[in-house]
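Have a look at the structure below before the remarks.
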Amino acid sequence: GLESISSPMASSSVSFTGMNPNAPMPLLFVGHGSPMNAIEDNFWSRAQIEMGAGLAAPKAILAVSAHWYVRGLRTTVQSRPKTIHDFGGFPRELFEFEYPAVGSPELATRVAGLLEAEGAQAVDDWGLDHGTWAVLARMFPRADVPVVQLSVDPGLTSEAHLEIGRKLSVLRREGILIVASGNVVHNLAYAMRSMSLGDSTVPEWVSQFDERTRKALSDRDQETLCSLVEQPIGRLAHPVPDHWMPLMVAYGASSADDPVTFPVDGFDLGSLSMRSVRWG
């Protein structure tokens, strides 16, 4: 396999390293982009396969998906979470795709307990949406690791999502892999327009916001990170911050001791940053 992943327009590439058995589990934010990456062989799907290959097998996965964007924090308590096809306009093959991972009622309840102050509840009315399964289908194709999903709350700020991550960080020493899934830049209307025009030019505001985010993550500059999405450029990068907040949860669960690397970067459809982040 490839030693590192870098997109055709990326400025850097990063190699993967194995896991120290005494260290906490690594922590990931994955730029997920189109759900078609789950079934297409392309640059992004290969990148996600490589990211999975660079991980030791976790006991379970806690996935934080941009696509479960609901008031109040929720975790999926089912022992067999359903594969949710939460999109339209894609080929039938994608609607028929199943990711048959089992759940973990025990982990769902534990996560809800860790976030009790935020009013988190373990519920059975959701499952694994494409923010989770499209990524895990590539990283863990055998679906042999239990998966619990955590929602993102539109009523909470970047700082509040960081605090959620801090409370979840204890899971990393228990063999739980936290995989947050969103996009560093996610302006879907712009991306759809780019696609209809057949123009994948990356606008300056997209590359600028992506770079500012990369620098803030590398520098552990929490103040900049939290203020970015509130700035005019941030409102352009995220008309709705659903794809941003999973990154805040992941950053909150990281520590100053974690080396931060960017296993993949680059842009899809002009305005979707596909940057992924690994801590540890």
Residue pairs passing the salt bridge (charged side-chain N to carboxylate O under 4.0 Å, His left out) test where at least one lies in residues 242-264, sequence neighbours excluded: Arg172-Asp258
Those residues that, when tested against Val77, pass side-chain contact (heavy atoms from CB on, under 4.5 Å) (two or more places apart): Pro105, Ala108, Thr109, Ala122, Asp124
Residue list, side-chain contact (heavy atoms from CB on, under 4.5 Å) with Asp268, at least two apart or on another chain: Trp44, Leu272, Met274
Contact check, side chains of Leu168 and Leu150, non-hydrogen atoms, under 4.5 Å: yes
ILVMFWY cluster membership beyond Val102 - transitive side-chain contacts under 4.5 angstrom: none
All side-chain contact (heavy atoms from CB on, under 4.5 Å) counterparts of Glu93, not counting sequence neighbours: Ile39
Partners meeting side-chain hydrogen bond (donor to acceptor under 3.5 Å, both in side chains) with Glu118 (sequence neighbours left out): Lys167
Pairs touching residues 55-72 that satisfy salt bridge (charged side-chain N to carboxylate O under 4.0 Å, His left out), sequence neighbours left out: none
Side chain to side chain donor-acceptor pair (under 3.5 Å) partners of residues 98-107, not counting sequence neighbours, each pair once: Thr83-Glu98
Sequence-distant partners of Glu204, side-chain hydrogen bond (donor to acceptor under 3.5 Å, both in side chains), two or more places apart: none
Inter- and intrachain pairs under ring pair (Phe, Tyr, Trp, His ring centres under 6.0 Å), touching residues 152-180, at least two apart: none
Sequence-distant partners of Trp126, ring-ring contact (aromatic ring centres under 6.0 Å, His included), two or more places apart: Trp68
Residue list, side-chain contact (heavy atoms from CB on, under 4.5 Å) with Lys82, at least two apart or on another chain: Ile84
